[in-house]
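Everything below concerns the one structure shown next.
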Amino acid sequence: MEKLLRSGVKEAVKTIYGADADDDMLQVQKTRKEFEGDYTLVVFPLSKLSRRGPEQTAGEIGEYLVRTIDAVSGYNVIKGFLNLVIAPAEWDRRLSVMHAESDYGFTKPGPESETVVIEYSSPNTNKPLHLGHIRNNLLGYSLSRIFAAAGNIVIRTNIVNDRGIHICKSMLAWQKYSGGRTPESEGIKGDHFVGDYYVLFEKKLKEQAEELIAAGSEPETARDNAPLMQEARQMLVKWEAGDPGTVKLWQMMNSWVYEGFDVTYRALGVEFDRIYYESDTYKVGREIVLRSLEEGHLIRKEDGSVWIDLTDDKLDQKLLLRSDGTAVYMTQDLGTAVIRYNDYHFDHHIYVVGNEQNYHFQVLTLALKRMGYEWAEGLHHFSYGMVELPEGKMKSREGTVVDADDLVEEMTATATAMSQELGKLTGYSEDEKQNICRQIGLGALKYYILKVDPKKNMTFNPRESIDFNGNTGPFIQYTYARIRSVLKKAEETGIADASEVTGIVIPNPKEISVIKLLDDFHPLVIEAAREMSPALIANYCYELAREFNQFYHDFSILGEENKDIRNFRLRLSELTGRILEKGLWLLGIEAPERM
RNA sequence: GGUUCCGUAGCUCAGUUGGAUAGAGCAACAGCCUUCUAAGCUGUGGGUCGAGCGUUCGAGUCGCUCCGGAAUCACCA
């Protein structure tokens, strides 16, 4: 509708004033509640073209629009604002059009579609996933769906950071202290099991460092000089040299972790099309660094380490290969990017990674460009803020890390308790109940995290996150479930039929509010993809659910006596349900049929 | 110190490319179930949009300067 008005205004300006209006001069927005009208044109920018006062310009354009566009039935001018009134019957027509469209709001990929590679999750294989990873996974997964819905070809990838000194730490601790225990023998999930040895390593290392300090060593170097640290470093060299024993140990421990991760990913409901392993990509990274060194883009220092000098770009020198020849984080990311480009020839590559790595990605993009890869222009770092607890940051040393598996389980348990208390879900089988409660618990968690602007640091308040009232996931799910319930009843009784052609219905103001929002959905999806913002979708869903609930409260759908209005309302409900389901889908949230 | 991000109601957050009198939820208080699910709906109170200056018809939104907070600037990942 806004699009229609915008082009109408453009035409009006052309016809009346003989001038071409730029798109950013055509400011059409919703009319504020306190004024009469549906959409408002801000006339100030156009009065420059018209060479008349804003009010006169507004009047002339309003006159023109009423005459030429059927949907516009009237207008009024207040100061420089032209308020346009849409004929109520127009909304009935608009609803039919949207309702008839089978996949309204989503754009199908076509020949013009761009390929978007999106990387998220990117776990280390030395500890289980925590709350921070949850934000990452939810944002990444939701973005992948938003891009797909906006007509892009999307490849969801994960880079598993399965090599490096941190892995050697848990390997070493296991080798030294486990006595051959396994996740199976202990009945512990593999990622948690390995994580425990990482913690153990840090504990033992600290003890050694303290001993060294007591013996007169400098506190700064004590950790580095501790025997355990040196052993870990030697292990990394052995691993990179392909030492069979080390590699075998590494494979075994990683396989434990992957089993654990799979369980967590399934519980969260996220998936990947393609998983890359750093243990593969770092080699390619090393090759391109060495080649680039030969081509003269990089510097080799006396000790043999390789650096890139980015001081021209106001950044520092950055290490790409250690003096012992081993790879660093940057090395593998260079390799991964090149491999991915060769695999997919992407137009855009989005890295969903926390904002603590802003610098890293700045360097990555610059380094690739410096090395001659022009497609590096298409790399975007989707940088999101940290998740903090009400008490402050999560600290593993203080045991305040919120574990992903625990959290999901807790949310489900709360949903179950709540359903019980409210007396919902009677007459459903145990399986169905469990499934619905899982959907609700996860819905609450996902919505709670996704409704916040990704850029911002967010506070995770466990008490609020399990709230199911107000601006929450379950509120939206509930609205959907109520709609489903009405539709089911309509079908069973045959009392109304949304597909039945009705005469023209003049919608009431509440109904119009809902239709207006439905009309916004398509542009919103495009906008959310452009802005890379699941929060936009989340807040839209909330608004739509709230608006529909008001309508639902004020008017009867199936109890309405006029058949046309009854069918019209059912149609309105059905489309709202469809859009809520799609909106939730874009967030990776399931929509339960009943709750 | 350099760079980047954030600062809106007691709390958690919205606020489109600058537009009219800054909005929700939570918490508090007061109401609404004989009617399609009350996980809902309605109402009341709650604000120097961190501070100042500037740009302009118009600034929570743009620019500059300060204040406060976060991240980063590793031969960690």
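The sequence lines fix the lettering, A, B, ..., with proteins before strands; numbering per chain opens at 1.
Within the 4.0 angstrom heavy-atom criterion, base atoms lie near A:Leu558. A:Ile483 comes within 4.0 angstrom of no nucleic acid atom, judged by non-hydrogen atoms across all strands. Residue A:Phe475 is classed as a sugar-phosphate contact, given heavy-atom separations below 4.0 Å to backbone atoms only. A:Tyr329 comes within contact range of at least one nucleobase, with a heavy-atom separation under 4.0 Å. Counting non-hydrogen atoms under 4.0 angstrom, A:Lys79 reaches nothing in the nucleic acid. Using a 4.0 Å heavy-atom cutoff across all strands shown, A:Met458 reaches sugar-phosphate atoms only and no base atom. Contact annotation for A:Tyr480: no contact, since no heavy-atom pair falls under 4.0 Å across all strands. Residue A:Arg223 is classed as having no contact, given no heavy-atom separation below 4.0 Å to the nucleic acid. A:Val452 comes within 4.0 angstrom of the backbone, heavy atoms only, and of no base. Residue contacts shown for A:Ala490 are absent, as no nucleic acid heavy atom lies under 4.0 Å away. No contact: A:Asp23 has no heavy atom under 4.0 Å from any strand.
Closest to the side chain of A:Tyr552, out of B:rA38, B:rC13, B:rA20, is B:rA38. Of the candidates B:rA24, B:rC73, B:rA77, B:rA77 carries the atom nearest the A:Arg163 side chain, counting heavy atoms from C-beta on. Closest to the A:Phe468 side chain, of the nucleotides B:rA39, B:rA20, B:rC76, is B:rA39.
Between B:rC36 and A:Ser485, no contact under 4.0 Å exists linking OP1 or OP2 to a side-chain N or O. Remark: A:Lys456 is in phosphate contact with B:rA14, judged by side-chain N or O atoms under 4.0 Å from OP1 or OP2. In terms of phosphate contacts, A:Tyr478 brings a side-chain nitrogen or oxygen within less than 4.0 Å of OP1 or OP2 of B:rA39. Contact annotation: A:Arg32 reaches the phosphate of B:rG23 (side-chain N/O to OP1 or OP2, under 4.0 Å). The phosphate of B:rU12 (OP1 or OP2) has no side-chain N or O of A:Asn461 nearer than 4.0 angstrom. Taking 4.0 angstrom as the limit, A:Arg322 places a side-chain polar atom (N or O) nearer than this to OP1 or OP2 of B:rC76. Put simply, A:Asn358 has no side-chain N or O that comes within less than 4.0 Å of OP1 or OP2 on B:rU3.
Rounding to whole angstrom units, OH of residue A:Tyr447 and P of B:rC13 are separated by 13 Å. Taking atom CD1 of residue A:Ile476 and atom P of nucleotide B:rA24, one finds them 17 Å apart after rounding to whole Å. The nearest whole Å value for the distance from the NZ atom in A:Lys33 to the C1' atom in B:rA22 is 12 Å. As rounded to whole Å, 22 Å separates atom P of B:rC11 from atom CG of A:Asn469. We find that CD of A:Gln29 is positioned 7 Å from P of B:rA20, with the value rounded to whole Å. Nucleotide B:rC26 holds its C1' atom 9 Å from the NZ atom of A:Lys451, rounded to whole Å. Atom CD of A:Glu240 is separated from atom P of B:rA77 by 10 Å (rounded to the nearest Å). Between A:Glu202 atom CD and B:rC76 atom P there is a gap of 14 Å when expressed in whole angstrom units.
At a threshold of 4.0 Å, the pair A:Glu2-A:Arg6 counts as salt-bridged, since one of the basic side-chain nitrogens sits closer than that to a carboxylate oxygen. In summary, A:Asp191 and A:Lys127 do not engage in a salt bridge, as defined by a charged side-chain N under 4.0 Å from a carboxylate O. A:Glu527 has a carboxylate O that lies under 4.0 Å from a charged side-chain N of A:Arg530, or vice versa, which qualifies the two as a salt bridge. A salt bridge links A:Glu590 to A:Arg438: one of the charged nitrogens lies within less than 4.0 Å of a carboxylate oxygen. Checked for salt-bridge contact, A:Glu432 and A:Arg594 miss the test: no charged N lies under 4.0 Å from a carboxylate O. Salt-bridge formation is not detected for the pair A:Glu511/A:Arg571: no Lys NZ or Arg NE/NH1/NH2 atom is positioned less than 4.0 Å from an Asp or Glu carboxylate oxygen. No salt bridge links A:Lys169 with A:Glu231; every basic N to acidic carboxylate O contact stays at or beyond 4.0 Å.
Within the 3.5 Å criterion, the main-chain N or O of A:Val328 finds no donor-acceptor partner in the side chain of A:Arg322.
For B:rA39, its base sits under 3.5 Å from the side chain of A:Ser419 at one donor and acceptor pair at least. Residue side chain A:Asn83 reaches the base of B:rA20 through a donor-acceptor N/O pair under 3.5 Å, judged by distance alone. In the interface, the side chain of A:Thr40 is paired with the base of B:rA20 through a donor and an acceptor atom under 3.5 Å apart.
A distance cut-off of 5.5 Å between ring centres, combined with a plane angle under 30°, leaves A:Phe44 outside any stacking arrangement with the base of B:rG58. Per the stacking criterion (ring centres < 5.5 Å, plane angle < 30°), A:Phe35 stacks onto the base of B:rA20.
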Please report the C-alpha distance between A:Asp520 and A:Lys30 in whole Å, then the side-chain angles of each, then the deciding distance to 0.1 Å, and finally whether the salt bridge (charged side-chain N to carboxylate O under 4.0 Å, His left out) criterion is met.
CA-CA 11 Å; A:Asp520 290 340; A:Lys30 289 199 174 161; 2.5 Å; yes

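Anti is the classification of B:rC49, since its glycosidic angle lies more than 90° from 0.
Nearest-nucleotide assignment on RNA chain B puts the 5′-proximal partner with A:Glu34, out of A:Glu34 and A:Glu278. Mapping A:Glu388 and A:Lys455 onto RNA chain B via the closest heavy atom, the residue that lands nearer the 5' end is A:Lys455.
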Atom pairs under 3.5 Å: protein N/O with N/O of nucleotides 42-45 of chain B:
residue, atom, partner, partner atom, Å
B:rU42, OP1, A:Gln550, NE2, 3.1

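Between B:rU16 and B:rU72, the distance separating the two P atoms is 29 Å to the nearest Å. Distance check on atom C1': B:rA74 versus B:rG69 gives 24 Å, rounded to whole Å. Nucleotides B:rG40 and B:rA9 are separated by 25 Å at their C1' atoms, to the nearest Å.
Under the Watson-Crick or G-U wobble criterion, with both distances below 3.5 Å, B:rG23 is paired with B:rC13. The pairing partner recorded for B:rC64 is B:rG52, the criterion being a Watson-Crick or G-U wobble arrangement whose two distances lie under 3.5 angstrom. Both distances falling under 3.5 Å, in either a Watson-Crick or a G-U wobble arrangement, place B:rG31 opposite B:rC41. Under the Watson-Crick or G-U wobble criterion, with both distances below 3.5 Å, B:rU3 is paired with B:rA71.
Taking the ring axis of A:Trp307 as reference, the NZ or CZ atom of A:Lys318 does not stay both within 45° of it and closer than 6.0 Å to the ring centre. Under a cutoff of 6.0 Å and an axis angle of 45°, A:Arg135 and A:Tyr384 do not form a cation-pi pair.
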